[in-house]
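Quick notes on the structure that follows.
Hydrogens, waters and symmetry mates play no part in the numbers below; they use all other heavy atoms, side chains included. Here the structure is a predicted model, which means the values were calculated and not measured.
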Amino acid sequence: MKPPDRIRNVALVGHRGSGKTSLAEAILFEAGIVNRLGKVDDGSTLLDHEPDEQARQMSIGAGIASFEHDGRKINLIDTPGEPSFVADTLAALRVADAAVIVVNGVMGVEVHTERLWQRADAEGLARLVFVNMLDRERADFFRTLEALKEAFGQHVVATEIPIGSEHEVRGVIDLIDMKAFEYEGEGRGNSKDVPIPDELSDQATEYREKLMDEVAENSDELMERYLEGEEISHEETVTALKTGVTEGTLFPVTCGAATRNLGINRLLDA
């Protein structure tokens, strides 16, 4: 048995077609619960197990899976994105501590995304955004990030940015630690540390500054030091981020491609 402070009830919510079930599958694969990466397209995911769901390639009811990661028990709830089946999604938000809002990197913020965000807000849930499907044609992380800010306010802030775009997407840059990770293949543990590509160095610095502006806002003491140009340590950054997310004043945006297991280990840690 885990003490309550080591248990996380996390709902994956978002518009239909944002890849929630593929994301749940990739999380379970990366966490070692399943030993192959199932696909929605061929009906082999763990959580869409009803024949109707497999035939329609969409979730009709909420699916639940539990696993352990980093000393915590995580109860993951994969919810339907189709508005006709929203009852299970709303029920999941009632029992969750946090929501991962999954957004399609091609379509951006869709109608149902906004409704679910408002419901998560009403329930007082901590929220984190995962911009999915960045390997698709016309996917654009930065356009999606701007749409998220327009819809949900300036406290939506990137904690990572992608390396490459569309079919060329190959990794992410962590803006907290200013480290880059590249992914090869779909296997578990498929990422390696790499130097930040020169052509992305300025962009990474720019988005890190935006992140640090938001982080510093969560503490008067940090804000004072930040404005005086002092370096904020990793621990202080993470603590302020945690506080902001828990209190609902900060919404980190992460990114990747679930069907390629790209960025999933980073999302798990987040």
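Judged purely by atom type and a 3.5 angstrom limit, Arg170 has no side-chain atom pairing as donor or acceptor with the backbone of Ile163. For the pair Arg208 (side chain) and Ile176 (backbone), a donor-acceptor distance under 3.5 Å is present. Remark: the backbone N or O of His15 is paired with a side-chain donor or acceptor of Lys20 at under 3.5 angstrom. No donor-acceptor pair closer than 3.5 Å links the side chain of Asp174 to the backbone N or O of Glu160. Side-chain N or O atoms of Thr254 include one that pairs as donor or acceptor with a backbone N or O of Val129 at under 3.5 Å. Arg127 places a side-chain N or O within 3.5 Å of a backbone atom of Leu125 that can act as its donor or acceptor partner. Side chain of Glu182 to backbone of Lys192: no donor-acceptor contact under 3.5 angstrom is found. Using a distance-only test at 3.5 Å, with no hydrogens or angles considered, a donor-acceptor pair links the side chain of Asn190 to the main chain of Gly185.
Rounding to the nearest 0.5 angstrom, the gap separating the CG atom in Asn132 from the CD1 atom in Ile264 is 7.0 Å. The distance from the CZ atom of Arg266 to the CZ atom of Phe181 is 4.0 Å, given to the nearest 0.5 Å. A distance of 5.5 Å separates CZ of Arg136 from OG1 of Thr259, quoted to the nearest 0.5 Å. The OG1 atom of Thr21 lies 3.5 Å from the CG atom of Asp78; values are rounded to the nearest 0.5 Å. Separation of atoms CG (Leu262) and CG (Asp135) is listed at 7.5 Å; rounding is to 0.5 Å.
Contact check for Ile77 versus Asp88: no side-chain heavy atoms found under the 4.5 Å cut-off. Side chains of Asn265 and Tyr183 form a contact here, defined as non-hydrogen atoms less than 4.5 Å apart. By the 4.5 Å heavy-atom criterion applied to side chains, Pro162 and Phe142 are counted as neighbours.
In this structure, Met107 belongs to a hydrophobic cluster whose other members, linked by side-chain heavy atoms under 4.5 Å apart, are Val106.
One hydrophobic cluster, built from ILVMFWY side chains closer than 4.5 Å, cannot hold both Val10 and Ile7; they sit in different ones. With hydrophobic clusters built from ILVMFWY side chains whose heavy atoms lie under 4.5 angstrom apart, Val131 does not share a cluster with Met133. Val194 and Leu134 fall into different hydrophobic clusters, where Ile, Leu, Val, Met, Phe, Trp and Tyr are joined by side-chain heavy atoms under 4.5 Å apart, directly or via other members. Cluster membership check: Ile64 shares its hydrophobic cluster with Val95, using side-chain heavy-atom separations under 4.5 Å among Ile, Leu, Val, Met, Phe, Trp and Tyr.
For Val245, the side chain to side chain contact (heavy atoms under 4.5 Å, CB included) test picks out Ala126, Pro252, with sequence neighbours left out. For Pro3, the side chain to side chain contact (heavy atoms under 4.5 Å, CB included) test picks out Asp5, Arg6, with sequence neighbours left out. Annotation: side chain to side chain contact (heavy atoms under 4.5 Å, CB included) contacts of Arg119 (sequence neighbours excluded): Leu90, Leu93, Glu123.
Enclosure of atom CD in Glu206 by more than 12 non-hydrogen atoms of other residues, nucleotides or ligands within 6.0 angstrom is indicated.
Glu110 and Asn104 share no donor-acceptor pair across their side chains, judged by distance under 3.5 Å alone.
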Review item, side-chain donor-acceptor pairs of residues 148-155, under 3.5 Å, at least two apart:
residue, atom, partner, partner atom, Å
Lys149, NZ, Val156, O, 2.7
His155, ND1, Glu214, OE1, 2.7
His155, ND1, Glu214, OE2, 3.4

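For residues 233-251, the side-chain hydrogen bond (donor to acceptor under 3.5 Å, both in side chains) pairs, not counting sequence neighbours, are Asp177-His234, Asn218-Thr249, Arg225-Glu236, Ser233-Glu236.
Taking each heavy atom of Ala204 and Leu175 in turn, the nearest pair found is O-CD2, 3.5 Å.
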